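Input: a single structure, listed below in structure tokens.
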Amino acid sequence: MLHQAVNTHHLLTWMTFFPLLTGLLILCLPDRRSALIRWAGVVGSLVPVLLAGYIFVAYQDSGTLAYVERYPWIPMFNIEYYMGIDGLSASLLILTALISFIAVVASWGINKQIKGYFALMMLLETGMIGVFCALDFFLFYIFWELMLLPMYFLIGIWGGPRREYAAIKFFLYTLAGSVLMLLAMLAMYFNSAIDGHHSFDLIAMSAHYRQFEEAGRILGFRFPLIVFAALFIGFAIKIPVWPFHTWLPDAHVEAPTAVSVILAGVLLKMGGYGLLRIGYSIFPQAAIYFSVPIGLLGVGSILYGAFCAMAQTDLKKLVAYSSVSHMGYVLLGIASLREASMVGGVMQMFNHGTATAMMFLLVGVIYDRTHHREINGFGGIGAVVPRYMGVMILATFASMGLPGLSGFISEIFVLLGSFRSDIASNAGSVWHFISFQNITIIAAFGVVITAAYLLRMLQKIFLGPLNPKYEALPDLNAREIFTLVPLGIAVLAFGVYPMPLIRLMGASLSKLAGFIMGSQM
């Protein structure tokens, strides 16, 4: 069980609820004060960034909880306001604050129902940050559901021509996953016995995980297996894992640019985080049992997403399918249950968040100027927008996994760790004929396919003869550069020297890997 370092400064509470307070303030402002509303949104998202910067500098992962806040909330059901972070959540918390701030700045051009838009963005940020801080399952679920409505309205009101369809599809898929998570949460609560009481305490349930092995069967299956499967599907929809991914391309294509940035940069990562925080930490033996199927789903996502991206002519849809492919590496990394691959999986969540956020911002830039996203409709524009081309090449090469950029580090950690995994031989006789070495070799072909569709995209947009329609195409302006520079710095810095990121998460993930493998004894 993780030890707790008591926090007396309520840092996580301020970080979580300051955007919500800002959102309430925005609702009180007059509609005509559009500039004031925008600046309030910027300040509301800037404070979490500053607090995240403090965490990045001050926090050293030792495998223990930090900045813990714990108070009784609903004593009747033993529900607590229980917040804290460790190495698993620290990097994703920092990513969430950064991406949210950048998305708010990128929303400066929104001129339709401004008050509602920025208030919903603040509510969304509170939900996202809360998910990465909550250590009580009931509180976690509240924050998880809190994200659903703002994202639905942000897509459904401010999205593209098919926004209603995309918003409803997103809502139904996410709600289906939430129902499975709710059923799993109730099953875990009523089968927990911690100090003689039922509990939603995720850390305590992890420490007493063997109590679930003694629970009765559900539908003829062992309790841990069926509950883990329900949790996995709920989180797999959010990641999204093939074949639960079909809501994502529609949501991305119809969403406003800033909402696509948040969707790719943060929301997808919540699925991987929830799977590790709840599924793997409380049902370690089920994680071992399902390791090979999860690894195969990861490979399926890598290859399927890459091939679908290759077939796209819409630039935004290409980036959306590339997200499905890149999140497959996350699933492969955590499935192999090696320390290196699990570190690589969580690093991939962070690095994918920065690189793909850059790409969606750049898609929004070109769409604002040309009012279309057809890859074949550009041609040779690198000659007139050199700054735009340079940043797009940086983001593309990071997504491609070019050595020296952040994407390479996380993917190589996943592939090296997974190739050395022997978990298939420990996962039971059902999977003994499948090795992670073979799974990893197949997954590695995704790197080649990714390079093919991204390089072809660069060629068609920036090289060749200039399309005469775009002779006067404006290059990046100051606000656009401001949103892209922090992400570009992260892509370069963590590609050249990833140790600050590894130190942020290494000890906790090492403990988690050791805990899962030790559960077999």
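Computed from a predicted structure; not experimentally measured.
Partners of Lys169 under the salt bridge (charged side-chain N to carboxylate O under 4.0 Å, His left out) rule, at least two apart in sequence or in another chain, are Asp250. Under the rule for a salt bridge (charged side-chain N to carboxylate O under 4.0 Å, His left out), the partners of Arg369 that lie at least two apart in sequence or sit in another chain are Glu480. In this view, Pro30 and Arg32, Arg33 satisfy the side chain to side chain contact (heavy atoms under 4.5 Å, CB included) rule, not counting sequence neighbours. Evaluation of the side-chain hydrogen bond (donor to acceptor under 3.5 Å, both in side chains) rule for Gln459 yields no partner, not counting sequence neighbours. Residues forming a side-chain hydrogen bond (donor to acceptor under 3.5 Å, both in side chains) with Lys269 (at least two apart in sequence, or on another chain): His352. The side-chain hydrogen bond (donor to acceptor under 3.5 Å, both in side chains) test applied to Ser301 returns no partner, not counting sequence neighbours. Considering only residues two or more places apart in sequence or on other chains, Glu125 meets the side-chain hydrogen bond (donor to acceptor under 3.5 Å, both in side chains) condition with none of them.
The aromatic rings of Trp14 and Phe18 lie tilted to each other, with the angle between the two planes from 30° to 60°. The aromatic rings of Tyr304 and Trp242 lie tilted to each other, with the angle between the two planes from 30° to 60°.
Remark: the backbone N or O of Ile85 is not paired with any side-chain donor or acceptor of Ser89 at under 3.5 angstrom. The backbone N or O of Ile155 lies less than 3.5 Å from no partner atom in the side chain of Glu254, so there is not a single donor-acceptor pair. Using a distance-only test at 3.5 Å, with no hydrogens or angles considered, a donor-acceptor pair links the side chain of Lys316 to the main chain of His252. Between the side chain of Arg163 and the main chain of Gly160, a donor-acceptor pair closer than 3.5 Å is present. Judged by distance alone, the side chain of Ser323 and the main-chain N or O of Ala264 form no donor-acceptor pair under 3.5 Å.
In this structure, the side chains of Ser281 and Leu202 stay at 4.5 Å or more apart for every pair of heavy atoms. Under the 4.5 Å side-chain criterion, counting only non-hydrogen atoms from C-beta, Phe132 is in contact with Val266. Two residues are said to be in side-chain contact when any heavy atoms from C-beta on lie closer than 4.5 Å; Pro48 and Ile129 meet this criterion. Looking at Met359 and Met457, their side chains come closer than 4.5 Å, going by heavy atoms from C-beta outward. Looking only at side-chain heavy atoms (C-beta outward), Leu139 and Met83 come within less than 4.5 Å of each other. With a 4.5 Å cut-off on side-chain heavy atoms, Ser410 and Tyr329 do not count as touching. Taking the side chain as every heavy atom from C-beta outward, Ser341 and Leu416 never approach each other to under 4.5 Å. Between Phe235 and Tyr273, every side-chain heavy-atom pair lies at or beyond the 4.5 Å cut-off.
With values rounded to the nearest 0.5 angstrom, Leu51 atom CG is found 11.5 Å from Ile94 atom CD1. Within the model, atoms CG of Leu331 and CG of Leu296 stand 10.0 Å from one another, a figure rounded to the nearest 0.5 Å. To the nearest 0.5 angstrom, His245 atom NE2 is 5.5 Å from Cys308 atom SG. Separation of atoms CG (Leu405) and OG1 (Thr354) is listed at 10.0 Å; rounding is to 0.5 Å. Note: Thr313 OG1 to Lys460 NZ = 8.5 Å, rounded to the nearest 0.5 Å. Atom-to-atom distance recorded for Leu487:CG and Leu361:CG is 6.5 Å, nearest 0.5 angstrom.
Smallest separation of non-hydrogen atoms from Ser336 and Ser418: OG-OG, 3.3 Å. Shortest non-hydrogen contact noted between Gly345 and Val330 is O-CG2, 3.6 Å. Considering all non-hydrogen atoms of both residues, Met505 and Ser91 come closest at CE-OG, 3.5 Å. Between Pro498 and Met347, the shortest heavy-atom distance links the atoms CB-CE, 4.1 Å. For the residue pair Met400 and Glu411, the shortest heavy atom distance occurs at O-OE1, 4.5 Å. Across every non-hydrogen atom of Gly295 and Leu332, the tightest pair is O-CD1, 4.2 Å.
Ring centroids of Phe244 and Tyr173 are separated by 6.0 Å or more, keeping the two rings apart. For an aromatic pair to be called close, the ring centres must be under 6.0 Å apart, and Phe290 with Phe232 fails this.
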Which side-chain N or O atoms in residues 141-150 pair as donor and acceptor under 3.5 Å with protein atoms at least two apart or in another chain?
| from | atom 1 | to | atom 2 | distance (Å) |
| --- | --- | --- | --- | --- |
| Tyr141 | OH | Ser178 | O | 3.2 |
| Glu145 | OE2 | Ser178 | OG | 2.5 |

Please list every donor-acceptor pair under 3.5 Å in which a side-chain atom of residues 99-119 meets a protein atom from a residue at least two apart or in another chain.
| from | atom 1 | to | atom 2 | distance (Å) |
| --- | --- | --- | --- | --- |
| Ser100 | OG | Thr96 | O | 2.7 |
| Ser107 | OG | Ala103 | O | 2.7 |
| Ser107 | OG | Tyr117 | OH | 2.7 |
| Lys112 | NZ | Ile157 | O | 2.8 |
| Lys115 | NZ | Leu27 | O | 3.3 |
| Lys115 | NZ | Leu29 | O | 2.7 |
| Lys115 | NZ | Asp31 | OD1 | 3.1 |

Taking only distance into account, with no hydrogens and no angle test, what donor-acceptor pairs under 3.5 Å do side-chain atoms of residues 461-473 form with protein atoms, sequence neighbours excluded?
| from | atom 1 | to | atom 2 | distance (Å) |
| --- | --- | --- | --- | --- |
| Asn467 | OD1 | Lys469 | N | 3.1 |
| Asn467 | ND2 | Gly377 | O | 3.3 |
| Asn467 | ND2 | Phe378 | O | 3.3 |
| Tyr470 | OH | His372 | NE2 | 2.7 |

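Around the CZ atom of Phe307, the shell of radius 6.0 Å holds no more than 12 heavy atoms that belong to other residues, nucleotides or ligands.
For residues 379-406, no residue pair satisfies the side-chain hydrogen bond (donor to acceptor under 3.5 Å, both in side chains) rule, not counting sequence neighbours. Annotation: salt bridge (Lys or Arg N to Asp or Glu O under 4.0 Å) contacts involving residues 304-315, sequence neighbours excluded, comprise Asp314-Arg373.
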Met392 and Ile366: CA distance, side-chain angles, deciding distance, side chain to side chain contact (heavy atoms under 4.5 Å, CB included) verdict = CA-CA 11 Å; Met392 177 64 92; Ile366 202 69; over 6 Å; no

Please test Leu120 against Trp158 for side chain to side chain contact (heavy atoms under 4.5 Å, CB included), starting from the C-alpha separation and ending with a verdict.
-> CA-CA 11 Å; Leu120 287 172; Trp158 289 273; 3.7 Å; yes

For side chain to side chain contact (heavy atoms under 4.5 Å, CB included), just list the numbers for Lys238 and Leu268, CA-CA rounded to whole Å, side-chain angles, deciding distance to a tenth of an Å, and then say yes or no.
-> CA-CA 6 Å; Lys238 185 71 78 176; Leu268 308 188; 5.8 Å; no

